[in-house]
There are 2 protein chains.
Amino acid sequence: MTTTPVATQSRGTRSTAEDQRLRIVARAVEIFSRSGYQATPVASVAAAAKVSTAYVFRLFDGKLGLFVSAVDDCYAQVAAALTAGAGRSVSETPTDRLDAMSLAYIELIRDRSLIALQVHAQSACDVPEIRDAVRRGISSVVHVVTQQSGADDDAIQRFLAYGQLCHLVVQAGLADVDTVWARTVDHGIRHD
Amino acid sequence: MTTTPVATQSRGTRSTAEDQRLRIVARAVEIFSRSGYQATPVASVAAAAKVSTAYVFRLFDGKLGLFVSAVDDCYAQVAAALTAGAGRSVSETPTDRLDAMSLAYIELIRDRSLIALQVHAQSACDVPEIRDAVRRGISSVVHVVTQQSGADDDAIQRFLAYGQLCHLVVQAGLADVDTVWARTVDHGIRHD
DNA sequence: TTAGTTAGTGACTGAACAGTCACAAATGGC
DNA sequence: GCCATTTGTGACTGTTCAGTCACTAACTAA
């Protein structure tokens with residue numbers, strides 16, 4: 001912190017701590033998305049990132065710090081995906097832009113992890129630091145969607161509501177349930 | 001199981017195992033709703049129900065069996081609340097009935113536990129038994145709403161989507177966040 | 001070369017917790 | 001009275017896991 005290395009970016013031959021931090025966060029998103037905060041040992045993330053558990057504790061402020069970093073990264077990826085989606089809109093009307101973003105969000109389902117981690121984070125909101133991370137994430141998503149679509153509040157609220165419905169569909173695996181009620185729930189959301 | 005007691009109902013003076021089971025499940029809903037499946041020790045539920053931990057393990061098939069019972073009970077309460085809400089509808093049109101049920105669901109927010117437990121259960125869907133309990137619960141809710149409202153699939157899907165949005169609002173405590181974006185999310189949902 | 005810094009780890013500790021078991025006490029039929 | 005069943009518990013065990021610490025290895029600047 002006191003002395004900054006000459007180059008702040010990776011030096012090519014050898015990995016810097018910051019490089020490792022980013023690598024580990026990327027793995028943490030994936031690994032935490034499987035079983036959530038409490039049920040995932042830090043050792044699993046360490047193993048996935050091919051570093052020792054001790055090193056993970058060195059780079060992050062405890063398991064909680066690691067999880068919060070993963071959640072922040074997750075929402076950043078979601079916001080980026082939505083922005084990219086809006087760019088693929090056929091027209092410039094708020095409705096079309098929102099539709100394009102909805103499509104982009106449904107595309108995220110293909111890689112369950114970003115959806116699942118959001119659910120796990122929401123579930124762990126009794127931990128203040130996690131609740132704050134969720135609030136930051138929602139805030140950034142709302143900002144991105146508002147900015148990119150120009151839609152009114154009601155339309156944006158509706159967008160978020162159906163996003164949340166996606167979470168339920170993915171977590172409960174309703175695409176694998178061949179019943180009338182499951183079709184009622186995931187109609188139009190079903191992927192592949 | 002082999003020999004049924006003369007009276008299957010509670011005998012008045014002394015508590016039967018089945019009475020205790022119900023009492024413990026009721027406490028389990030409340031206690032699990034606070035921190036979820038993994039982060040809640042069975043001992044907490046036992047303490048809340050004022051019985052020993054050993055006895056809880058005797059009455060339920062492990063911690064998982066206890067949690068699944070709690071989730072089943074939770075969805076049963078939700079379904080009952082929705083049915084009661086539909087009965088208070090001003091008219092018989094599907095729209096009015098759905099609105100009445102929405103109101104009833106928002107009323108549930110007052111006691112966070114039924115909402116929170118659903119979120120925790122959705123988060124723990126990687127455990128097959130829990131995922132099945134969630135599917136049963138959603139199924140019963142969809143059936144109740146369909147039956148009571150007579151609304152079409154799209155309207156019911158919308159009902160569920162906004163229900164899920166409630167979960168986010170409650171878990172993240174957005175009512176306590178005084179910002180533009182939070183208002184966008186919880187507009188019309190805000191309670192009290 | 002050497003002195004200082006940074007990357008990285010193996011081996012441990014202490015606490016929490018799921019689940020068990022032997023046992024006690026109350027109840028009810030005969 | 002006496003035996004069988006059921007309710008209920010204290011005390012224990014084995015495991016898992018967050019977090020630490022003493023240490024080594026590599027790089028860097030002089």
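We use all heavy atoms of the structure for the numbers below, so side chains are in, but hydrogens, waters and symmetry mates are not. Just so it is clear: chains get the letters A, B, ... in the order the sequence lines come, proteins before strands, and each one is counted from 1.
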Notebook entry, point to check: Heavy atoms, side chains only, cut-off 4.5 Å: are A:V127 and A:F67 in contact?
Noted result: no
Notebook entry, point to check: Is it true that A:R136 and A:D72 have a side-chain N and a carboxylate O under 4.0 angstrom from each other?
Noted result: yes
Margin query: Nearest heavy atom decides the nucleotide; on that basis, is B:A17 or B:A54 closer to the 5' end of DNA chain D?
Written below: B:A17
Check: A:F57 has an atom CZ; how far is it from atom C1' of C:dG14, in whole Å?
Finding: 14 Å
Item checked: Interatomic distance where OH belongs to A:Y55 and P belongs to D:dC21 [whole Å] -> 19 Å
Next item on the list: Rounded to the nearest angstrom, tell me the gap between atom CG in A:L59 and atom P in D:dT20.
Entry: 14 Å
Note to self: For B:D153 and B:Q157, which I'm curious about, is there any donor-acceptor pair between the side chains at under 3.5 Å?
What the structure shows: no
Notebook entry, point to check: Tell me: CG of B:L66 to P of C:dC17, nearest whole Å?
Noted result: 15 Å
Check: Given atom NZ of B:K63 and atom P of C:dA16, what is their separation to the nearest angstrom?
Finding: 15 Å
Notebook entry, point to check: Can you tell me how far P of D:dA18 sits from CD of B:Q38, to the nearest Å?
Noted result: 11 Å
Item checked: Short side-chain N/O contact to D:dG8 OP1/OP2 from B:Q20, under 4.0 Å -> yes
Next item on the list: Report the distance from atom CZ of B:R58 to atom C1' of C:dA25, rounded to the nearest whole Å.
Entry: 13 Å
Notebook entry, point to check: Using a cut-off of 4.0 Å on non-hydrogen atoms, how would the nucleic acid contact of A:S44 be classed: base, sugar-phosphate, or nothing?
Noted result: nothing
Next item on the list: Return yes if some donor-acceptor pair links the side-chain N/O of B:R135 with the main-chain N/O of A:A172 below 3.5 Å, else return no.
Entry: yes
Checklist line | Spacing of A:D19 atom CG relative to D:dC27 atom P, expressed in whole Å | finding: 15 Å
